Every structure is written in C-alpha cells, then in structure tokens.
Amino acid sequence: MLDLKLSDRVELKKQHPCGGKTWVVLRLGMDIKLRCETCGHELMLPRSKAEKAIKKILSEEA
C-alpha cells in the first residue's frame with residue numbers, strides 16, 4: 001500500500017493524452033482523485049487501480 005497524502009505530486013506509468021505525466025492527489029479514501037498538472041483534467045480511480053498506475057511519488061507537501 002502506497003503512503004499517499006493530500007497534495008502529493010505523483011507520476012503515472014502511462015502518459016495523459018495532453019502529454020502530461022504528473023498528477024496532484026486531491027482526495028484519498030476508497031477512491032483516489034487526481035488532477036493533471038498540464039491540462040487540469042480530474043479523474044477518480046479506485047485505490048487498487050491508482051496504486052498500480054502510480055510509478056513514483058515526486059514530492060510531498062509539508
């Protein structure tokens with residue numbers, strides 16, 4: 001299980017159609033809500049799918 005916190009920046013394995021790979025965590029729980037830093041698109045994924053899709057945590061906001 002990943003140790004995610006709100007406002008963490010994460011990199012996903014697959015690139016978004018807009019060209020961005022970095023996302024910001026907006027909501028945590030059974031679902032994880034992410035916002036693309038390039039175009040602002042938001043999506044909600046079940047935690048299991050999101051954890052598989054996340055390549056690495058880039059930065060953690062203090």
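Sequential numbering from 1 along the given sequence is applied to the chain's residues. The structure presented is a predicted model; accordingly, all values stated were derived computationally and were not measured.
- Scored by the side chain to side chain donor-acceptor pair (under 3.5 Å) test, Glu51 finds Arg47 as partners (sequence neighbours excluded).
- The distance from atom CG of Leu34 to atom CD1 of Ile54, rounded to the nearest 0.5 Å, is 6.0 Å.
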Counting only pairs under 3.5 Å, give me each side-chain donor-acceptor contact of residues 11-27, with atom names and distances, residues two or more places apart or in other chains.
from: Lys13; atom 1: NZ; to: Lys52; atom 2: O; distance (Å): 2.9
from: Gln15; atom 1: NE2; to: Gly19; atom 2: O; distance (Å): 2.7
from: Thr22; atom 1: OG1; to: Glu37; atom 2: OE1; distance (Å): 2.9

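- Across every non-hydrogen atom of Ala50 and Ile32, the tightest pair is CB-CD1, 3.9 Å.
- Using a cut-off of 4.0 Å between Lys/Arg side-chain N and Asp/Glu carboxylate O, Lys5 and Asp3 are scored as salt-bridged.
- Under a 4.5 Å side-chain heavy-atom cut-off, the cluster of Ile, Leu, Val, Met, Phe, Trp and Tyr residues that includes Met44 has no other member.
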